[in-house]
Every structure is written in C-alpha cells, then in structure tokens.
Amino acid sequence: MPPWRICPCLYLSEMPNHSSDEQFLYRALDLARQGIGLASPNPYVGAVIVDRSGEIVGTGAYTYEGVKHAEVRALEQAGDKARGGTLYINLEPHSHRGRTPPCTDAMIAAGIHRVVASMPDPNPKVSGGGFEKLRAAGIVVEVGGLEAEARRLNEAFARYIRHGIPLVTLKSAMTLDGKIAPPPASVVNRVAGTPPGGWITGEAARAHVQQQRYQSDAILVGVGTILADDSLLTDRSGNPRRRPLLRVILDSRLRLPLESRAVRGLTSDGMRKNDLLVFCSSATKEKDKKHELEARGVRVEEVPAGSDGRPDLRAILRRLGQLEITSVMIEGGSAVNGAALASGVVDKVFLYYAPKILGAGSIPFAAGGGSHQLGEALHVRHLQLHRFGEDFAVEGYLGDPYEG
C-alpha cells in the first residue's frame with residue numbers, strides 16, 4: 001500500500017499494539033468496501049463495535065441512499081451491549097450536522113468507552129473535530145491503525161473534498177514495447193466494441209478493467225476512441241451502483257456519430273438515460289450537430305480550449321467536481337493519454353501489459369511533446385504489480401491525493 005505520510009495530528013504512540021485491534025480494523029475496512037459504487041460522493045466507512053469481552057456486537061456500513069452512517073448502524077445493532085465497548089472505524093466520526101446528526105453525539109450517548117480509528121477526516125474544515133469531541137467526553141481515542149489501507153480506500157473522496165475535483169486514474173493496455181494498437185493501415189475487418197486489431201490483453205485483465213470502472217464515478221475518452229472502436233464505455237461488472245457510470249467524451253468539433261453505440265445506447269427499453277456527457281470547444285460553430293445530439297439525450301457542454309485546441313482538461317475536471325464526480329478513469333487513445341500527462345492532471349496510473357511486441361509504426365501509449373530529458377521524466381511512485389495470467393499491470397502514483 002502507498003506509504004502516505006502520517007499527519008502530525010495522529011497519535012500512534014497512544015495506540016496499544018494489540019493484534020485484536022488490527023483484526024477489528026480490517027473488519028471495519030471490509031465493511032467500508034461494501035460502499036463502493038453506493039456511497040459516492042461521500043466516503044467509504046465501516047464500523048465495528050466490540051463489547052468488553054471481545055465479542056462483536058454491532059457492525060455497520062455506509063451507503064448514500066441508506067443515509068445513516070456506519071457508526072449509527074453499528075450502534076443500533078449493538079443496542080445496550082455497546083455501553084463500555086470499543087468502536088473500530090476506518091475514518092474519523094463526524095461531529096457536524098449534515099444529512100444526519102453528528103455521529104459523535106450518538107457514540108457518547110451510547111456509552112462507548114474507546115474508539116480506534118484508522119485516520120482523520122481528510123476534509124480540512126472538520127478534520128480532528130470528531131476526535132476532540134469524543135476525548136472531551138472522556139472517551140479514549142486512538143488513531144493510526146491500518147492508516148495506509150484506509151487512506152488508499154478513500155483517496156478519491158480526499159481528492160474531491162480537498163480540491164473540488166475528482167481523482168484521475170490513467171488506464172491503458174499495451175504491449176511490452178509500449179504500443180496500444182497496430183498501425184491504422186494494417187487494420188481490416190473491424191468489429192464494433194473491439195479495439196482496432198483486436199484485444200491486446202486477455203480476459204482476466206479485461207475483467208479487472210470492469211472492476212476498475214465499477215469503482216469509478218466516470219470514464220473519459222477522446223472522440224477518436226469512439227470513431228476507432230465504437231465503444232459503449234459501460235460498467236459491465238454486474239455490481240450494483242447508485243449512479244450510472246458517467247461516460248465523458250472529449251470532442252472538440254462534435255464529430256461523435258449519431259449512429260454510434262454510445263449514443264444509440266442512451267435509449268433502452270423505452271427509457272432515456274442521462275449518462276453521456278460530451279465536452280467540446282466550438283459548440284457555437286456546430287449548433288446543428290449539438291441540437292441533434294441533445295435530441296438523442298446527449299449532454300453537450302462547451303469548455304475553453306487548451307493550448308492544443310482541445311477542450312481544457314483542468315476546466316473539465318472542475319466541471320466534473322461540480323457534478324459531484326469524485327473519481328474519473330481515463331481510457332483514451334494516444335493523444336488523450338499524452339495530453340493528460342502533459343497537463344499534470346493525472347494522479348495515478350494503472351497500466352496493463354501483455355507479453356507481446358508490435359514494433360515500429362504501431363500506436364504509442366502517449367503522443368505529444370513529452371520530456372526528452374530523464375531528469376524531467378514523470379516519476380511514478382508507490383508501485384504495485386498485479387498478475388492476470390500471462391498479463392500484468394503496474395499501478396502507481398504521480399502525486400499524493402491528500403496533499404494541498
């Protein structure tokens with residue numbers, strides 16, 4: 001797990017090194033993961049209450065539609081057995097009123113004796129307030145157990161709540177020599193929904209991509225990907241989600257075909273969907289096409305153009321933040337990948353590799369100027385390797401979502 005720096009407000013020296021504490025925190029993290037796809041734009045939170053004899057008497061997980069926070073659900077399940085017990089949680093209990101009353105008040109009223117939490121709330125406006133309120137009520141509070149895992153789980157929420165923009169993950173699949181597709185002239189007999197020339201990685205890696213989409217609020221591609229692949233850009237994990245995956249297309253001149261599967265898929269079983277958003281930079285010049293797309297249910301928004309003439313990525317991220325999108329996965333082609341890296345908007349990468357070599361003339365992972373000096377190269381940190389049969393993936397960070 002990424003070894004994020006530990007905030008000075010943590011109190012690791014106060015936390016006893018009990019294996020049981022870690023065990024119950026792992027359980028809280030597992031519960032928190034039940035909120036994936038169901039909690040955004042709020043964080044993933046799980047809570048476990050253990051009585052004085054060491055028995056679990058209450059558990060809870062947060063979902064947005066469920067409204068009640070994980071702590072309150074665990075307290076309701078535990079009832080009177082919560083008195084004198086320990087509450088384990090992956091994120092600081094909130095002490096302010098939002099959609100629900102403060103969880104700290106409920107914990108104090110229930111007679112919780114001790115709270116073991118993994119990390120403070122990443123929201124700088126409220127961080128530490130919950131711990132202070134619990135300590136003021138005489139509750140023992142220990143912070144810092146399994147912090148790296150907890151921070152990783154809520155990194156998208158941290159990026160969103162601290163900066164008002166989503167966490168950006170750049171995903172791509174390529175050969176060992178960094179090619180994402182064969183030369184365009186060599187591709188024949190294209191199949192809709194399949195990359196030009198066929199799939200680079202195997203089924204296991206592609207199934208994992210669907211899990212990545214499930215964990216994201218939005219997916220972003222350039223219109224070139226639609227023109228080449230005729231992709232649907234959907235979440236096919238089969239897992240439940242509160243909001244449909246928002247499909248974002250960068251399309252400077254509104255070249256998106258009306259007959260593309262992404263557009264035609266907006267109407268299904270007589271129901272009109274609202275999950276396709278196109279960002280352009282010249283809507284005034286393409287009024288007729290804009291109206292045609294909107295008539296089919298496509299949301300079209302104009303943003304300023306960047307130095308390359310394409311829609312400005314930073315402006316797009318600010319807009320997605322306004323739409324309460326906490327995470328976006330870029331699955332673009334060479335041009336979009338290069339533009340995203342050059343603009344500095346990428347927080348992390350997830351790069352899949354197949355044991356293949358395409359050679360000269362094939363499409364590179366990222367196009368554009370880039371850096372020609374090793375000293376100026378982007379440095380990917382906190383690397384993790386994943387295996388999918390013959391394929392493998394490299395996961396790493398270009399920045400810390402908790403900074404700033």
Side-chain angles (χ1 to χ4, degrees), residues 4-15 21 24-25 28-29 31-32 35 39-49 58 60-64 66-76 78 82-83 85-164 167 321 324 326 400-404:
W4 302 117
R5 292 193 302 275
I6 296 175
C7 173
C9 63
L10 301 186
Y11 299 86
L12 283 173
S13 61
E14 296 178 17
M15 181 173 179
D21 283 348
F24 293 129
L25 281 176
L29 282 165
L31 288 164
S40 179
N42 290 339
Y44 307 130
V45 184
V48 175
I49 297 176
Y62 172 76
T63 64
Y64 190 88
V67 181
K68 291 182 180 180
H69 286 203
E71 307 95 305
V72 172
R73 289 185 177 278
L75 288 169
E76 288 179 347
R83 188 163 301 278
T86 299
L87 186 143
Y88 295 86
I89 191 166
N90 62 298
L91 188 68
E92 177 182 3
H94 83 294
S95 59
H96 59 284
R97 177 174 289 275
R99 296 171 71 213
T100 62
C103 292
T104 49
D105 290 356
M107 295 162 64
I108 293 168
I112 290 293
H113 169 70
R114 176 173 172 246
V115 171
V116 180
S118 295
M119 59 177 284
D121 193 318
N123 184 350
K125 296 181 179 179
V126 300
S127 183
F131 294 147
E132 290 179 8
K133 190 169 185 178
L134 293 172
R135 287 193 176 100
I139 296 176
V140 177
V141 178
E142 299 161 1
V143 187
L146 302 183
E147 186 196 12
E149 291 90 337
R151 287 169 72 90
R152 176 183 173 84
L153 178 62
N154 274 309
E155 62 190 11
F157 172 73
R159 187 69 168 153
Y160 167 74
I161 202 67
R162 295 174 70 88
H163 302 281
L167 180 85
E324 296 188 330
T326 67
D400 184 343
Y402 288 81
E403 284 188 349

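Count residues from 1 along the sequence. Quantities reported herein were computed from a predicted structural model and do not represent experimental measurements.
- Nearest approach of Ile112 to Ala82, heavy atoms of both residues: CD1-O, 3.6 Å.
- Glu92 pairs with exactly one of Val126, Val45, Asp121 by the side chain to side chain contact (heavy atoms under 4.5 Å, CB included) rule, that one being Asp121.
- Tyr402 is listed as a side-chain neighbour of Asn154, based on a closest heavy-atom distance under 4.5 Å.
- Across all non-hydrogen atoms, the minimal contact from Gly35 to Tyr44 is O-CE2, 3.3 Å.
- Within the 4.5 Å cutoff, no side-chain heavy atoms of Ser95 are placed close to those of Leu134.
- For the atom pair CG (Asp105) and CD (Glu71), the distance works out to 11.5 Å, reported to the nearest 0.5 Å.
- The two residues Ala150 and Leu29 come nearest to each other via the heavy atoms CA-CD2, 3.9 Å.
- In this structure, CZ on Arg162 lies 12.0 Å from NZ on Lys125, to the nearest 0.5 angstrom.
- Side-chain atoms of Ser118 come within 3.5 Å of backbone atoms of Gly145 as a donor-acceptor pair (strictly under, hydrogens ignored).
- Taking the side chain as every heavy atom from C-beta outward, Tyr62 and Arg73 never approach each other to under 4.5 Å.
- Side-chain N or O atoms of His69 include none that pairs as donor or acceptor with a backbone N or O of Gly60 at under 3.5 Å.
- Val116 is not listed as a side-chain neighbour of Phe24, based on a closest heavy-atom distance of 4.5 Å or more.
- Within the model, atoms CD1 of Ile49 and CD1 of Ile89 stand 9.5 Å from one another, a figure rounded to the nearest 0.5 Å.
- Within the model, atoms CG of Leu153 and CZ of Arg151 stand 12.5 Å from one another, a figure rounded to the nearest 0.5 Å.
- Contact record, Pro41 with Phe157: O-CD1, 3.5 Å, taken as the closest heavy-atom pair.
- Here the side chain of Asn90 pairs no donor or acceptor atom with the backbone of Glu149 at under 3.5 angstrom.
- Considering every non-hydrogen atom in both Gly46 and Ala32, the closest pair reads N-CB, 3.4 Å.
- Across all non-hydrogen atoms, the minimal contact from Gly321 to Tyr160 is O-CE1, 3.5 Å.
- Considering only heavy atoms from C-beta on, Arg114 comes within 4.5 Å of Tyr88 through its side chain.
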Q. Please walk me through it: do Thr100 and His94 pass side-chain contact (heavy atoms from CB on, under 4.5 Å)?
A. CA-CA 10 Å; Thr100 62; His94 83 294; 3.8 Å; yes
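- Side-chain atoms of Arg99 come within 3.5 Å of backbone atoms of Tyr64 as a donor-acceptor pair (strictly under, hydrogens ignored).
- Atom CG of residue Leu75 and atom NZ of residue Lys68 lie 11.0 Å apart, to the nearest 0.5 angstrom.
- To the nearest 0.5 Å, the span separating CG on Leu146 from CE on Met119 amounts to 12.5 Å.
- Listed for the Arg135 side chain is a donor-acceptor partner under 3.5 Å among the backbone atoms of Val141.
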